[in-house]
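One-based numbering along the sequence shown. Only heavy atoms go into these numbers, but all of them, side chains included; no hydrogens, no water, no symmetry mates.
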Amino acid sequence: MKQIFEVGNLKSNGHYALVTIHGDTVYVSGQFAVDPETREKKFGPIEEETLQALRNVEAILEAAGSSKEQIVRMNLYIPDVKLWDRVDGVYKEFFGEHKPARTVIPTNELHFGFKIEADAIAYI
């Protein structure tokens, strides 16, 4: 098993790895809309936060030797089910023809006040 705690300026801020690789399977911890260069929290419309969170997942996967096209499972956590369609629009554009298994989980609120958190399972 291999764990990565930092990818560029993206870092785990708690007792977890950004990504754990076990065999040929890659597990990416939940990602928010954090600018990977400045580590600044990027609060904004759900569409912008979704795209940034997905880009962070993608960067972490690439550092682990995988890619967004190799994602087999995504979980998306949002604070309100009413945001589902807006998240789905960004998600469709980001993934194109690739359609990993996915669950969108409405929650009451997310850490720091973000509107979305995304985690993934992929393969190498």
Side-chain angles (χ1 to χ4, degrees):
M1 180 174 75
K2 177 181 178 183
Q3 295 183 304
I4 299 173
F5 297 91
E6 195 171 323
V7 173
N9 285 331
L10 293 174
K11 299 177 182 184
S12 61
N13 293 321
H15 190 70
Y16 66 93
L18 284 180
V19 64
T20 297
I21 305 162
H22 186 268
D24 291 335
T25 305
V26 180
Y27 302 90
V28 179
S29 292
Q31 296 301 303
F32 295 115
V34 174
D35 184 301
E37 300 299 318
T38 65
R39 297 188 69 209
E40 177 185 349
K41 296 173 181 81
K42 304 297 282 188
F43 299 109
I46 186 68
E47 293 85 356
E48 290 176 13
E49 286 194 29
T50 300
L51 184 56
Q52 185 62 64
L54 291 172
R55 285 180 176 158
N56 290 351
V57 168
E58 181 178 30
I60 292 165
L61 285 170
E62 288 173 359
S66 188
S67 70
K68 72 179 185 181
E69 291 79 19
Q70 292 168 281
I71 294 174
V72 295
R73 176 97 176 126
M74 288 286 312
N75 289 319
L76 303 172
Y77 304 88
I78 58 176
D80 189 335
V81 73
K82 293 175 185 167
L83 296 169
W84 186 308
D85 288 338
R86 294 167 61 191
V87 168
D88 194 52
V90 174
Y91 185 90
K92 285 179 188 177
E93 187 173 323
F94 181 79
F95 280 105
E97 294 300 311
H98 181 54
K99 296 179 181 178
R102 180 188 81 181
T103 302
V104 178
I105 303 117
T107 66
N108 288 330
E109 60 184 60
L110 295 169
H111 201 46
F112 302 117
F114 282 109
K115 295 177 187 77
I116 189 163
E117 183 174 3
D119 65 42
I121 301 172
Y123 64 90
I124 297 175

### Nearest heavy-atom neighbours spanning V7 and A59
CG1-O, 4.0 Å

### Query
Mind checking whether N56 and V34 have side chains closer than 4.5 Å, heavy atoms only?
yes

### Query
So, do E48 and K42 sit near enough that their side-chain heavy atoms are less than 4.5 Å apart?
no

### Message
Any non-hydrogen side-chain atom of E49 less than 4.5 Å from a side-chain atom of F43?
### Response
yes

### Task
Report whether V87 and F94 are members of the same hydrophobic cluster (ILVMFWY, side-chain heavy atoms less than 4.5 Å apart, transitive linking).
yes

### Query
Roughly how far, to the nearest 0.5 Å, is CD1 of I21 from CE of M1?
10.5 Å

### Query
So do the side chains of K68 and L54 get within less than 4.5 Å of each other, counting heavy atoms only?
no

### Message
Is it true that T50 and E47 share a donor-acceptor pair across their side chains at a distance under 3.5 Å?
### Response
no

### Task
Can you see which heavy atom on V26 is nearest to which on S66, and at what distance?
CG2-CB, 4.2 Å

### Task
With side-chain contact (heavy atoms from CB on, under 4.5 Å) as the test, would you mind laying out the steps for D88 and R102 before giving the verdict?
CA-CA 11 Å; D88 194 52; R102 180 188 81 181; 2.7 Å; yes

### Message
For residues V81 and M74: do they belong to one hydrophobic cluster (side chain heavy atoms under 4.5 Å, members Ile, Leu, Val, Met, Phe, Trp, Tyr)?
### Response
yes

### Query
Where do H22 and Y27 come nearest, in terms of heavy atoms and distance?
CB-CE1, 4.3 Å

### Query
Does E37 offer a backbone N or O that forms a donor-acceptor pair with the side chain of N9 under 3.5 Å?
yes

### Message
Using every non-hydrogen atom in the two residues, find where E69 and Y123 come nearest and quote the distance to one decimal.
### Response
O-OH, 4.4 Å

### Query
OG1 of T107 to CD1 of I78: how many Å apart, nearest 0.5 Å?
8.0 Å

### Query
Is any side-chain heavy atom of P36 closer than 4.5 Å to a side-chain heavy atom of Q52?
yes

### Task
Nearest 0.5 Å please: distance from the CG atom of D35 over to the CZ atom of R55.
10.5 Å

### Query
Does atom CD of E93 have more than 12 heavy-atom neighbours, drawn from other residues, nucleotides or ligands, at distances under 6.0 Å?
no

### Task
Identify the two heavy atoms, one from A118 and one from L76, that lie closest to each other, and give their separation to 0.1 Å.
CB-CD2, 3.6 Å

### Message
Using the rule given for salt bridge (Lys or Arg N to Asp or Glu O under 4.0 Å), can you reason through D80 versus R86, listing the C-alpha separation, both sets of side-chain angles and the distance that settles it, and then say yes or no?
### Response
CA-CA 11 Å; D80 189 335; R86 294 167 61 191; over 6 Å; no

#### Entry: From NE2 (H111) to CG (N13), nearest 0.5 Å
8.0 Å

### Query
How far does CZ of F5 sit from CG of L18, to the nearest 0.5 angstrom?
8.5 Å

### Query
Would V72 and V19 show up in the same hydrophobic cluster when neighbours are defined by side-chain heavy atoms closer than 4.5 Å?
no

#### Entry: Parallel, tilted or perpendicular: rings of F114 and F32 (30°, 60°)
parallel

### Task
Answer whether the closest heavy-atom distance between the side chains of R73 and T103 falls below 4.5 Å.
yes

### Message
Using 0.5 Å steps for rounding, measure from the CG atom of N75 to the CG atom of D119.
### Response
4.5 Å

### Task
Mind listing the closest non-hydrogen atom pair of A122 and L61 along with its distance?
CB-CD2, 3.6 Å

### Message
Students often mix this up, so state it plainly: with edges at 30° and 60°, are the rings of Y91 and F95 parallel, tilted or perpendicular?
### Response
tilted

#### Entry: K115 side chain to L83 backbone, donor-acceptor under 3.5 Å
no

